[in-house]
Number of protein chains: 2
Amino acid sequence: MLTIGKLGDAAGVKVPTIRYYEQIGLLPEAERSSGNQRLYGRKAMERLAFIRHARDLGFTLEAIRDLLSLSDRPDQSCAAADAIARAQLVEVERRLARLTALKAELERMVVQCAGGKIADCRVIEVLGDHSLCATDHRHPETEPTP
Amino acid sequence: MLTIGKLGDAAGVKVPTIRYYEQIGLLPEAERSSGNQRLYGRKAMERLAFIRHARDLGFTLEAIRDLLSLSDRPDQSCAAADAIARAQLVEVERRLARLTALKAELERMVVQCAGGKIADCRVIEVLGDHSLCATDHRHPETEPTP
DNA sequence: CTTGAAGCTATAGTTGCTAGAGACATTAGG
DNA sequence: CCTAATGTCTCTAGCAACTATAGCTTCAAG
C-alpha cells in the first residue's frame with residue numbers, strides 16, 4: 001500500500017491533485033491508515049495512471065469520467081469510448097488549425113517589427129487593426145491560456 | 001457616443017466582458033449618461049478592438065495590459081512590445097508541437113479501435129498504459145480545455 | 001525522543017469570462 | 001402619454017482544473 005505522496009510520485013500527479021480527484025469523485029474514497037492517512041493499492045494506481053494519461057492527451061475530466069465508467073463495464077460495446085476519442089481528436093484538430101493561423105500571424109508581426117519606436121511598431125499597429133492581418137483568425141472560441 | 005451594447009456589437013465583445021475589462025482596469029472607467037449608463041467614444045472603441053484582437057491572437061490579459069501601456073507611450077522603444085509578441089509566438093509554437101503529438105496519438109488510438117467490446121478496446125487500453133504510445137507526450141504542462 | 005518531512009482538513013485564489021437576481025433607464029408603438 | 005419591451009445597472013456566484021495557504025496531526029529516521 002502506498003501513501004498519497006508515493007502514489008503521486010509513481011503516477012506523476014501532485015498530491016493535492018489526487019485529493020481533488022477524490023473530492024470530485026473521479027477516484028473512489030481511499031482506504032485510511034490507523035492514523036487517518038490515505039492508502040492506495042494497485043487498482044487506485046492504475047486508475048490514476050489512466051486519468052493522468054487521458055489528461056495528457058487533453059481529455060476533459062468529464063470525458064475521463066465517462067471513459068472510466070466505460071472501462072468498468074468490459075463487456076459493453078466500445079462505440080461510446082471510440083466516440084469520445086474521436087470527438088477529442090476533432091477538438092485537437094480544431095485547435096491545431098487555429099494555432100497554425102495564430103502562429104502565421106504572430107510571425108508576420110514580429111518579422112515586420114523594425115525595432116524602432118512604439119509609434120511605428122508593427123506589433124502594436126497590427127494589434128490595433130485586424131485588417132492588417134493576412135488570415136481571418138477572428139471569432140473562433142477562446143484560445144485558453146494554460 | 002455608444003452605449004455598452006452598441007460598443008459590444010461593434011467590437012464583437014459581449015457586454016459583461018466589457019464591464020469585466022473595466023473592472024480589472026483594462027478599460028478606463030467609462031463616462032456615464034444622466035441615467036448612469038456607460039457611454040463610449042472612439043478611443044474606447046479602439047482600445048477594446050485592440051484587446052479583442054490581441055485576445056484572438058491568444059495573448060493573456062496580463063500581456064495585453066503591458067501592450068496597452070506600451071502603446072500609450074509612442075516615443076518609447078518597441079523592444080518590449082516585440083519581446084511580448086515573440087514570447088507569445090514561442091508559446092504558440094510550443095502548444096502547436098504538443099497538439100501535433102496529441103493528434104498523432106489520438107489518431108493511432110481511434111484507427112486501432114476495432115469496434116468490439118470494451119475489454120478489447122484499443123482506446124481504453126492505450127489510455128491505461130502509456131507505454132503503448134508512439135510519442136512521448138508526457139509531463140508537458142497542462143493542455144487547457146476551452 | 002526529538003525533529004523534520006509528509007499527511008490531514010478547509011478555505012481561498014488562479015484565468016477569463018458567463019450567468020443570474022432584482023432594480024432602474026430608455027425607447028418604440030399605440 | 002402610457003405601457004411594454006428591451007437595455008443597463010450592481011452584485012454575487014459559478015465554470016475548469018487545479019494550486020496555494022494555514023494550522024493542525026502523524027510518521028519515520030537518527
Side-chain angles (χ1 to χ4, degrees), chain A residues 1-27 29-40 44 48 51-68 88 91 95 139-146, chain B residues 1-27 29-40 44 48 51-68 88 91 95 139-146:
Chain A
M1 295 300 250
L2 301 171
T3 61
I4 197 169
K6 308 290 181 196
L7 177 70
D9 289 350
V13 178
K14 287 178 193 151
V15 167
T17 303
I18 299 174
R19 288 196 278 247
Y20 169 70
Y21 287 161
E22 178 181 312
Q23 192 194 309
I24 63 169
L26 213 54
L27 289 175
E29 293 197 12
E31 284 178 61
R32 297 298 182 115
S33 74
S34 56
N36 196 36
Q37 301 196 346
R38 288 173 182 83
L39 290 177
Y40 298 92
L48 182 56
I51 296 170
R52 173 74 215 277
H53 194 193
R55 283 299 293 139
D56 279 349
L57 286 165
F59 288 90
T60 64
L61 292 184
E62 255 321 286
I64 294 171
R65 202 186 287 277
D66 293 345
L67 288 167
L68 281 169
Q88 176 63 10
E91 172 64 20
R95 283 195 229 161
H139 226 291
E141 53 279 54
T142 334
E143 185 56 32
T145 44
Chain B
M1 294 298 249
L2 301 171
T3 62
I4 196 170
K6 308 289 181 195
L7 178 70
D9 290 348
V13 177
K14 288 178 192 150
V15 166
T17 303
I18 299 174
R19 288 196 280 247
Y20 170 71
Y21 288 161
E22 178 181 311
Q23 191 195 309
I24 63 170
L26 213 54
L27 289 175
E29 294 197 11
E31 286 178 59
R32 298 297 181 116
S33 71
S34 56
N36 196 38
Q37 302 196 344
R38 289 172 180 82
L39 290 177
Y40 298 92
L48 182 56
I51 296 171
R52 172 74 213 277
H53 195 194
R55 283 299 293 139
D56 280 348
L57 285 166
F59 288 91
T60 64
L61 292 183
E62 254 322 286
I64 293 170
R65 202 187 286 279
D66 293 345
L67 287 167
L68 280 170
Q88 175 63 11
E91 172 64 20
R95 282 195 229 161
H139 226 295
E141 53 279 53
T142 335
E143 184 58 30
T145 43

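To find a chain, count down the sequence lines: A is the first, B the second, and so on, and within it residues start at 1.
The side chain of A:S34 lies closest to D:dC27, out of D:dC27, D:dT8, C:dT18. For A:Q37, counting side-chain heavy atoms from C-beta on, the closest listed nucleotide (C:dC17, D:dT19, D:dC27) is D:dC27. Counting only heavy atoms from C-beta on, B:Y20 has its side chain closest to C:dC17 among D:dA17, C:dG7, C:dC17. Among C:dT9, D:dC18, D:dT8, the nucleotide with an atom closest to any side-chain atom of A:R32 is C:dT9.
Summarising the geometry, the separation between CD1 on B:I18 and C1' on D:dT10 is reported as 16 Å, rounded to the nearest angstrom. The distance from atom CG of B:L26 to atom C1' of C:dC17 is 13 Å, rounded to the nearest whole Å. Rounded to whole Å, atom P of C:dG16 lies 15 Å from atom CZ of B:R52. Separating the CG atom of B:N36 from the C1' atom of D:dC9 is a distance of 7 Å, rounded to the nearest angstrom. The separation between A:R55 atom CZ and D:dC18 atom C1' is 9 Å, rounded to whole Å. Between the OH atom of B:Y40 and the C1' atom of D:dG7 there is a distance of 13 Å, rounded to whole Å. Summarising the geometry, the separation between NZ on A:K6 and C1' on D:dA28 is reported as 10 Å, rounded to the nearest angstrom. Atom CG in B:L2 sits about 13 Å away from atom P in C:dT27, given to the nearest Å.
A close approach under 4.0 Å does not occur between any side-chain nitrogen or oxygen of B:Y21 and OP1 or OP2 of C:dG16. In this structure, A:T3 reaches the C:dG7 phosphate: one of its side-chain N or O atoms is under 4.0 Å from OP1 or OP2. Using a 4.0 Å cut-off, no side-chain N or O of B:T17 falls inside it from OP1 or OP2 of C:dG16. In this model, the phosphate group of D:dC9 is approached by a side-chain N or O of B:R19 to a distance below 4.0 Å at OP1 or OP2. For the pair A:K14 and D:dT19, the criterion of a side-chain N or O lying under 4.0 Å from OP1 or OP2 is met.
Put simply, CG on B:L68 and CZ on B:F59 are 11.5 Å apart, with the number rounded to the nearest 0.5 Å. Distance CD/A:E62 to CD1/A:I24: 8.5 Å, rounded to 0.5 Å.
Sorted by first and then second residue, the side chain to side chain donor-acceptor pair (under 3.5 Å) pairs involving residues 9-21 of chain B (not counting sequence neighbours) form an empty list.
Although no hydrogens or angles enter the test, the distance criterion places a donor-acceptor pair under 3.5 Å between the side chain of B:Q88 and the main chain of B:L57.
Nucleic acid contact for A:R38: sugar-phosphate only, since backbone atoms but no base atoms lie under 4.0 Å from a heavy atom of the residue.
The two atoms that bring A:G58 and A:R95 nearest to each other are O-NH2, 4.5 Å, heavy atoms only.
Between B:P16 and A:I4, the residue anchored closer to the 5' end of DNA chain C is A:I4, taking for each the nucleotide with the nearest heavy atom.
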